[in-house]
Novice: 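Can you read through this structure? Questions will come right after.
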Amino acid sequence: QLNMRITGDIISSIAFSELWESKYFHLTYNFDGDSFKTYLNGNLTTSVESLPDYEAEVPYTGLRLGKNERGNIGLNGSIDDIRIYNRALSVDEVAALYDLEKPEETDLTAGLVAYYPFNGNADDESGNSNNGTVSGASLTTDRHGNANKAYSFDGVNDLIEVPETA
């Protein structure tokens, strides 16, 4: 669990299983004086309106990263790019921060010549019109159980032919 605490009370908790689904995640904690919000990858996950009176109960003792307050549970991983503001961020600002910091996605369309998802045919859906002509092969169920999303070949003379392109 990744917990945010005020005066020992957990006000936000995220299961590690949510965080380890990918190697990168963007976590934002936002306090506006009345409510505490947690955002994971730009999406609100927790909103707590009733908080303990932290100013009256506990003096500020600083920021702790990498270990819990007792020092007996530690983070096995990396922390990168921490920002601390003296104001609450808007929902749009939280989304903009996530967009700014998220890893660049690989452009799988760059250099793509043909794409055959076999949607009931052998048409090229890359936009390049490299459509295939089916000879003998028959539509069948794909590995996910979707009907007419794959082709079956007999190993003798079934084929899908795509003309040579420039």
Side-chain angles (χ1 to χ4, degrees), residues 1-5 9-32 35-50 65-68 72-83 88-166:
Q1 294 280 96
L2 180 62
N3 297 320
M4 173 60 82
R5 294 177 181 267
D9 295 329
I10 296 174
I11 58 172
S12 174
S13 184
I14 299 173
F16 280 131
S17 60
E18 286 184 64
L19 303 179
W20 303 141
E21 287 179 7
S22 63
K23 291 184 179 185
Y24 170 87
F25 63 91
H26 184 263
L27 186 62
T28 305
Y29 291 118
N30 201 1
F31 179 63
D32 66 7
S35 65
F36 184 88
K37 294 180 173 68
T38 304
Y39 296 83
L40 181 61
N41 295 332
N43 299 307
L44 180 65
T45 59
T46 306
S47 181
V48 179
E49 304 299 324
S50 176
L65 301 170
K67 283 223 181 247
N68 70 355
N72 63 344
I73 299 175
L75 171 71
N76 181 11
S78 300
I79 298 175
D80 186 21
D81 294 339
I82 294 177
R83 296 170 187 248
L89 300 178
S90 70
V91 172
D92 290 341
E93 288 172 319
V94 170
L97 271 176
Y98 172 64
D99 286 340
L100 175 70
E101 298 290 347
K102 71 181 177 184
E104 291 182 28
E105 294 182 19
T106 303
D107 182 6
L108 296 177
T109 62
L112 182 64
V113 174
Y115 170 51
Y116 304 100
F118 299 136
N119 290 322
N121 56 49
D123 291 350
D124 172 19
E125 292 192 16
S126 71
N128 295 318
S129 299
N130 293 312
N131 298 327
T133 302
V134 180
S135 296
S138 58
L139 285 164
T140 190
T141 303
D142 71 6
R143 69 186 180 283
H144 301 292
N146 300 312
N148 297 325
K149 297 282 288 171
Y151 275 95
S152 176
F153 298 83
D154 67 6
V156 178
N157 58 0
D158 291 355
L159 64 98
I160 297 175
E161 188 170 17
V162 179
E164 186 176 335
T165 58

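This chain uses plain numbering: 1 for the first residue, then up along the sequence.
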Novice: Calculate, to the nearest 0.5 Å, the distance between atoms CG and CD belonging to N131 and E125 respectively.
Specialist: 9.0 Å

Novice: Closest heavy-atom contact between S126 and A114?
Specialist: OG-CA, 3.7 Å

Novice: Measuring from Y151:OH to N121:CG, what's the distance to the nearest 0.5 Å?
Specialist: 6.0 Å

Novice: Where is the tightest heavy-atom contact between L89 and E93, given as atom of each residue plus distance?
Specialist: CA-OE1, 3.3 Å

Novice: Quick one, Y116 with V162, criterion side-chain contact (heavy atoms from CB on, under 4.5 Å). Give me CA distance, side-chain angles, the key distance, then yes/no.
Specialist: CA-CA 11 Å; Y116 304 100; V162 179; 3.4 Å; yes

Novice: Once rounded to the nearest 0.5 Å, what's the spacing between atom OG1 of T140 and atom CG of N146?
Specialist: 11.5 Å

Novice: Give the minimum heavy-atom separation between A88 and N30, together with the two atoms involved.
Specialist: CA-OD1, 3.2 Å

Novice: Within this structure, what is the CG-OG1 distance for the pair D123 and T133, rounded to the nearest 0.5 Å?
Specialist: 9.5 Å

Novice: What are the two closest heavy atoms between A150 and T141, and how far apart are they?
Specialist: CB-O, 4.1 Å

Novice: Using a 3.5 Å distance criterion without hydrogens, assess whether the side chain of N157 forms a donor-acceptor pair with backbone atoms of G136.
Specialist: no

Novice: Is the shortest heavy-atom distance from the side chain of V91 to the side chain of L44 under 4.5 Å?
Specialist: no

Novice: So does T38 get a backbone contact from the side chain of T45, meaning a donor-acceptor N/O pair under 3.5 Å?
Specialist: yes

Novice: So which atom in L112 and which in N128 form the shortest heavy-atom distance, rounded to 0.1 Å?
Specialist: O-ND2, 3.0 Å

Novice: Taking all heavy atoms of D158 and all of D154, pick out the closest pair and write down the distance.
Specialist: OD2-N, 3.0 Å

